[in-house]
Amino acid sequence: TIPESRSFAPMPSRPRSEGLSRSRSAVAALRPGGALVYSTCTLSRAENGAVVEALLRSCPSLQLEDLGGLADSLAQHFTFAPPAGPGLLVVPDAGRTWGPMFVAKMRKLR
């Protein structure tokens, strides 16, 4: 979680076509029950949540998986942005050498 003294509000944006195109190709290769993990190393909403949202809209066989348990288990090691869409976003934190990192997991149902 982010301390109250810091704020983070991703700007809404259109999805980046490169990430969306690659992700659609990956979905086509998935078998039913298969998982797709979409991950980036940017704070850009256009490359993170917007891509996942567009992918879920265009591929009705995909279901977003809840990563809340993962965030809970890693909260002492990483600073997560407040939920603002699909996926988890680790934000850079003073004195630490990681971030940003975004991750979302989807499963192909049929």
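Being a predicted model, the structure only gives us computed values, none of them experimental. Atom set for the values below is all heavy atoms of this structure, side chains included, hydrogens, waters and symmetry mates excluded.
To the nearest 0.5 Å, atoms CG (Leu89) and CZ (Arg45) are separated by 10.5 Å. Remark: Arg107 CZ to Leu64 CG distance equals 11.5 Å, nearest 0.5 Å. Separating the CZ atom in Arg57 from the CG atom in Leu20 is a distance of 9.0 Å, to the nearest 0.5 Å. A distance of 11.0 Å separates CE in Met101 from CG in Leu43, rounded to the nearest 0.5 Å. Distance check: Leu36 CG to Met106 CE gives 4.5 Å after rounding to the nearest 0.5 Å. From Leu30, atom CG reaches atom OG of Ser25 across 11.0 Å, with rounding to the nearest 0.5 Å.
Of all heavy-atom pairs spanning Cys59 and Arg24, the tightest one is SG-CG, 4.5 Å. Closest of all the heavy-atom pairs between Ala104 and Leu67 is CA-CD1, 4.0 Å. Contact record, Lys105 with Val37: CG-CG2, 4.1 Å, taken as the closest heavy-atom pair. Of all heavy-atom pairs spanning Val51 and Ala46, the tightest one is CG2-O, 3.3 Å. Counting all heavy atoms, side chain and backbone alike, Val90 lies closest to Phe80 at CG2-CE2, 3.6 Å. Minimum interatomic distance between Glu53 and Pro86 (heavy atoms only, all atoms of both residues): OE2-CD, 3.3 Å.
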Query raised in the report: Taking it one step at a time, do Leu88 and Phe102 satisfy side chain to side chain contact (heavy atoms under 4.5 Å, CB included)?
Result: CA-CA 6 Å; Leu88 298 174; Phe102 173 83; over 6 Å; no
**Report entry** Trace of the side chain to side chain contact (heavy atoms under 4.5 Å, CB included) decision for Leu55 with Val27
**Finding:** CA-CA 9 Å; Leu55 188 60; Val27 169; 4.2 Å; yes
